[in-house]
S.K.: 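First the structure, which I've put down as structure tokens, then a few questions once you've had a look.
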Amino acid sequence: MGRRILNDALRTIVNAERRGKATATLQPISNVMFAFLGIMKHRGYIKDYQVFDPHRVGKITVELARRIKDCKALTYRQDIKANRIEEYVQRALPTQQWGYVVITTPNGVLDHEEAIRQNMGGQVLGYFH
């Protein structure tokens, strides 16, 4: 259930980017979505996001930075070991120059560069570029 919510949210962001909108509204929300958006903000793919009424159904308003070409969440579990992350990145992303694969690890939700730096494997949540 949680991965479908994340996938719908990421598709909403991509559609808003393609239509040239400045913001996208995401509803319903989840904690995994917060972590994914935090990585996107840290890497400069979105400007900012604001959460409204997080204890109930809630919604998130995302300010877009006009950098996202595509982002998807995997709806199935894809386990990945730390030494196989580079191979997965080469298959999932169009080039090595931009884009990130997001992985859930025992240390939290990390992008592939941080997971390699910490030598942590986990499950692939999705990617963006």
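The chain is numbered in sequence order, starting from 1.
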S.K.: With hydrophobic residues grouped by side-chain heavy-atom distances under 4.5 Å, do Leu74 and Val89 end up in a single group?
M.R.: yes

S.K.: What distance do Asp111 atom CG and Leu125 atom CG have between them, rounded to the nearest 0.5 Å?
M.R.: 12.0 Å

S.K.: How far apart are the closest heavy atoms of Glu86 and Ile116, and which atoms are they?
M.R.: OE2-CD1, 3.0 Å

S.K.: Do you know which two heavy atoms are closest between Gly121 and Thr105, and how far apart they sit?
M.R.: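 Answer, listing the atom of Gly121 first, then Thr105: O-CG2, 3.5 Å.
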
S.K.: Hydrophobic clustering (ILVMFWY, side-chain heavy atoms < 4.5 Å, transitive) - are Phe36 and Val101 grouped together?
M.R.: no

S.K.: Measure across Pro28 and Met33 and return the closest heavy-atom pair with its distance rounded to 0.1 Å.
M.R.: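 Nearest heavy atoms, Pro28 then Met33: O-CE, 3.3 Å.
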
S.K.: Contact between Ile13 and Leu37 at the side-chain level, heavy atoms closer than 4.5 Å - yes or no?
M.R.: yes

S.K.: Would you give the length of the straight line joining atom NZ of Lys69 to atom CZ of Arg18, rounded to the nearest 0.5 angstrom?
M.R.: 10.0 Å

S.K.: Taking all non-hydrogen atoms of both residues, which atom of Leu10 and which atom of Met40 are closest, and how far apart?
M.R.: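 Here Leu10 and Met40 meet closest at CD2-SD, 4.3 Å.
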
S.K.: Do Val109 and Val102 touch side chain to side chain, with heavy atoms closer than 4.5 Å?
M.R.: yes

S.K.: Decide whether Val32 and Tyr127 are clustered together by the hydrophobic rule: side chain heavy atoms of Ile, Leu, Val, Met, Phe, Trp, Tyr closer than 4.5 Å, transitively.
M.R.: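 Cluster IDs for Val32 and Tyr127 differ.
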
S.K.: Could you tell me the separation between the CG atom of Leu64 and the OH atom of Tyr49, rounded to the nearest 0.5 Å?
M.R.: 14.0 Å

S.K.: Determine, stepwise, if the pair Tyr88 / Gln78 fulfils side chain to side chain contact (heavy atoms under 4.5 Å, CB included).
M.R.: CA-CA 10 Å; Tyr88 187 84; Gln78 178 77 37; 4.0 Å; yes

S.K.: Is a donor on one side and an acceptor on the other found under 3.5 Å between the side chain of Arg11 and the backbone of Cys71?
M.R.: yes

S.K.: Please check this pair: side chain of His129 against backbone of Leu93, looking for a donor-acceptor N/O pair closer than 3.5 Å.
M.R.: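 Not a single qualifying donor-acceptor pair exists.
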
S.K.: Can you tell me how far CG of Asp48 sits from OG1 of Thr61, rounded to the nearest 0.5 angstrom?
M.R.: 10.5 Å

S.K.: Can you list the steps and then say if Arg43 with Glu113 is a side chain to side chain contact (heavy atoms under 4.5 Å, CB included)?
M.R.: CA-CA 11 Å; Arg43 296 300 182 176; Glu113 289 179 354; 3.6 Å; yes

S.K.: Apply salt bridge (Lys or Arg N to Asp or Glu O under 4.0 Å) to the pair Lys59 and Asp53, showing each step before the final yes or no.
M.R.: CA-CA 7 Å; Lys59 65 180 175 179; Asp53 197 20; over 6 Å; no

S.K.: Please step through side chain to side chain contact (heavy atoms under 4.5 Å, CB included) for the pair Ile60 and Phe34, ending with a clear verdict.
M.R.: CA-CA 9 Å; Ile60 300 174; Phe34 292 140; 3.5 Å; yes

S.K.: Return the CD to CG distance between Gln27 and Asp8, rounded to the nearest 0.5 Å.
M.R.: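 It is 12.0 Å, given to the nearest 0.5 Å.
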
S.K.: Ile46 and Ile68: side chain to side chain contact (heavy atoms under 4.5 Å, CB included), yes or no, with the steps?
M.R.: CA-CA 8 Å; Ile46 61 173; Ile68 299 172; 4.0 Å; yes

S.K.: Hey, any chance Val51 and Leu6 share a hydrophobic cluster, counting ILVMFWY side chains that come within less than 4.5 Å of each other, even indirectly?
M.R.: yes

S.K.: Taking all atoms of both residues into account, what is the closest heavy-atom pair of Ile103 and Ala115, and its distance?
M.R.: CD1-CB, 4.2 Å

S.K.: In terms of ring plane angle, is the pair Tyr45 and Phe128 parallel, tilted or perpendicular, where the classes change at 30° and 60°?
M.R.: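 Aromatic pair Tyr45/Phe128 classed perpendicular.
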
S.K.: Using the rule that Ile, Leu, Val, Met, Phe, Trp and Tyr join whenever any side-chain heavy atoms are under 4.5 Å apart, tell me whether Tyr100 and Val14 fall into a single cluster.
M.R.: yes

S.K.: Can you measure from CD (Gln50) to CD (Glu63) and round to the nearest 0.5 angstrom?
M.R.: 6.0 Å

S.K.: Could you tell me which non-hydrogen atom of Asp70 sits nearest to which non-hydrogen atom of Lys72, and how far apart they are?
M.R.: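 Closest approach of Asp70 to Lys72: OD2-CE, 3.6 Å.
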
S.K.: Does Arg77 use its side chain to pair, donor to acceptor, with the backbone of Gln123 at less than 3.5 Å?
M.R.: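 No, because the side chain of Arg77 does not come within donor-acceptor range (under 3.5 Å) of the backbone of Gln123.
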
